[in-house]
Amino acid sequence: MEVPLLDLQGQYQGLREELLAAITRVMDSQRFVLGDEGRALETEIAQYTNTRFAIGCASGSDALLLALMALDVKAGDEVVTTPFTFFATASAITRLGARPVFVDIDPLTYNIDPEAAAQAITARTKAIMSVHLYGQCANMETLREVAARHQIAIVEDAAQAIGAEDAGRRAGSLGAIGCFSFYPSKNLGGAGDGGMLTTNDATLAERLQLVRVHGGAVEYRHAEVGINSRLDELQAAVLRVKLPHLDCWSNQRRENARRYDELLREQQPEFEIVTPFVREAARHIFHQYVLRVPQHRDDLVKHLAENGIGTGIYYPIPLHLQECFAFLGYQEGDCPEAERAARETVALPIYPELTESQQRYVVEKVASLAVSPEPSRTAVRSSQRSLL
Ligand SMILES: *Cc1c(COP(=O)(O)O)cnc(C)c1O
């Protein structure tokens with residue numbers, strides 16, 4: 001049996017007719033940028049995320065950059081963030097000449113530790129960039145308190161978390177600006193690159209609308225220097241076909257996660273694994289299902305690959321140790337939990353169309369990894385308690 005990490009064919013086949021009709025509609029209109037489809041999607045995403053404004057842009061990476069531009073982040077400023085995330089979270093900060101201040105993560109959720117974030121704030125801190133990793137919101141209640149106390153903004157990197165909730169509130173509505181990605185592998189994926197910004201602040205919304213079109217509301221007049229970053233009509237039309245199905249897909253992911261938890265408990269591998277921790281206040285939408293395998297992560301990846309099972313490591317090198325950020329002066333040991341997570345975690349296939357028999361096969365193969373005898377350490381530990 002083959003179980004790829006992600007298979008988009010099932011979703012495509014189910015929506016093929018509708019998708020092709022939507023694409024044809026755009027082609028027939030010959031309107032490709034900033035038209036009706038994009039505006040309709042903006043309205044629909046604002047509704048979906050429970051925010052007042054949504055502004056399309058060219059990618060999730062650009063959304064992060066535009067958000068920081070709209071907040072006037074510039075050279076000399078600091079932005080507190082997590083090192084255990086996709087590269088774009090931090091590169092948006094350095095592209096503006098600002099300094100990413102990396103703080104460690106909560107080892108249970110892999111999201112930024114709010115206490116560590118609070119301690120890292122200085123007079124130069126302009127914002128906190130929180131990431132809702134794997135589809136679970138960071139501890140936003142605490143982060144919002146910290147941000148309010150210091151009168152700084154929170155930018156949510158919600159690229160992996162569309163539809164996730166924290167205490168009943170949707171990702172994208174929890175900070176000053178929410179940033180989404182429609183990269184094809186995301187829970188709501190387009191047919192190419194795409195992104196979206198959300199906010200409840202009318203002034204920020206207006207600012208975002210300007211910076212995505214070179215800073216000019218009137219053609220050929222530029223009040224400030226922006227960039228060109230728009231969501232095109234073809235992407236918007238494709239995403240509008242998919243959005244009504246997103247909640248159903250998220251529920252299937254959640255159900256698959258529950259089934260993995262259960263099957264892993266039943267099978268009891270002979271090495272330690274830790275299944276995902278879900279905070280009580282969270283609606284986790286399982287963009288990824290990530291196991292912690294303290295001793296045998298790399299052996300497990302190899303063993304699963306030999307059995308036709310795809311896995312992913314998100315992420316193997318924490319950002320504070322990336323070569324391009326050496327100038328920031330971080331060293332190994334500065335964020336020990338992020339470094340440990342980079343060594344110990346692995347994502348299993350979790351996409352909505354995954355079948356029960358595929359899941360049983362994956363878990364059977366996880367459990368069949370033979371490890372060299374060690375003082376007995378027992379098997380599946382589900383994380384019971386957050387440190388936060
Ligand atoms: C995917 C992703 C991004 C970037 O989105 P793109 O649309 O690929 O530019 C940013 N942050 C996180 C956490 C992501 O997973």
Side-chain angles (χ1 to χ4, degrees), residues 5-6 8 38 41 45 54-69 79-96 100 102 105 109-112 127-138 140 143 154-164 166 171-172 174-175 177-198 212 227-232 234-236 238-239 242 250 253 284-290 312-320 322 324-325 338 341-342 345 347 350-351:
L5 182 61
L6 175 64
L8 292 171
L41 181 70
I45 295 287
I55 299 102
C57 64
S59 68
S61 303
D62 274 8
L64 297 165
L65 185 66
L66 290 163
L68 295 176
M69 289 171 81
V79 178
V80 173
T81 192
T82 164
F84 196 57
T85 176
F86 181 61
F87 181 69
T89 312
S91 66
I93 301 167
T94 55
R95 284 219 6 220
L96 296 172
F102 293 114
I105 56 168
T109 63
Y110 309 108
N111 279 322
I112 192 167
I128 297 172
M129 178 97 93
S130 67
V131 180
H132 306 322
L133 201 67
Y134 306 144
Q136 172 165 238
C137 289
M140 293 303 288
L143 280 176
I154 297 178
V155 175
E156 294 175 77
D157 181 343
Q160 301 185 4
I162 188 160
D166 188 50
L174 296 158
I177 304 177
C179 302
F180 293 94
S181 165
F182 302 128
Y183 184 73
S185 67
K186 301 291 157 96
N187 285 27
L188 179 62
D193 280 308
M196 187 73 73
L197 294 133
T198 53
R212 74 169 172 176
I227 61 174
N228 170 21
S229 181
R230 281 119 19 160
L231 181 70
D232 68 67
L234 281 167
Q235 294 308 328
V238 165
L239 292 163
K242 292 189 173 192
S250 296
R253 286 173 181 271
H284 194 324
I285 48 109
F286 286 96
H287 173 61
Q288 301 291 355
Y289 181 90
V290 173
I313 294 176
Y314 307 109
Y315 295 86
I317 305 174
L319 298 186
H320 67 292
Q322 290 288 346
C324 65
F325 293 142
T345 56
I350 188 72
Y351 56 91

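Remember, it's 1-based here, ligands and their atoms both numbered in the order they're listed. Because the structure is predicted, anything quoted here is derived from the model rather than measured.
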Margin query: Could you check whether any side-chain heavy atom of Leu197 comes within less than 4.5 Å of a side-chain heavy atom of Arg212, counting everything from C-beta outward?
Written below: no
Check: Do the ring planes of Phe102 and His320 sit parallel (below 30°), tilted (30 to 60°) or perpendicular (above 60°)?
Finding: tilted
Next item on the list: For His284, enumerate each residue passing the ring-ring contact (aromatic ring centres under 6.0 Å, His included) test, keeping only those at least two apart in sequence or located in another chain.
Entry: Phe286
What are the polar N/O contacts of ligand 1 with the protein below 3.5 Å, with distances?
| from | atom 1 | to | atom 2 | distance (Å) |
| --- | --- | --- | --- | --- |
| ligand 1 | 5 (O) | Ser181 | OG | 3.3 |
| ligand 1 | 7 (O) | Gly60 | N | 2.8 |
| ligand 1 | 7 (O) | Ser181 | OG | 2.6 |
| ligand 1 | 9 (O) | Gly60 | N | 3.4 |
| ligand 1 | 9 (O) | Ser61 | N | 2.8 |
| ligand 1 | 9 (O) | Ser61 | OG | 2.5 |
| ligand 1 | 11 (N) | Asp157 | OD1 | 3.3 |
| ligand 1 | 11 (N) | Asp157 | OD2 | 2.7 |
| ligand 1 | 15 (O) | Gln160 | NE2 | 2.8 |
| ligand 1 | 15 (O) | Lys186 | NZ | 2.9 |

Contacts table for residues 54-66: side-chain donor-acceptor under 3.5 angstrom, sequence neighbours left out:
| from | atom 1 | to | atom 2 | distance (Å) |
| --- | --- | --- | --- | --- |
| Ser59 | OG | Ser61 | N | 3.4 |
| Ser59 | OG | Asp62 | N | 3.0 |
| Asp62 | OD2 | Ser229 | OG | 2.6 |

Item checked: Atom of Ile154, atom of Ser130 and distance for their closest heavy-atom approach -> CG2-OG, 3.9 Å
Check: How would you list, by chain and number, every residue that makes a ring-ring contact (aromatic ring centres under 6.0 Å, His included) with Tyr134, sequence neighbours excluded?
Finding: Tyr110
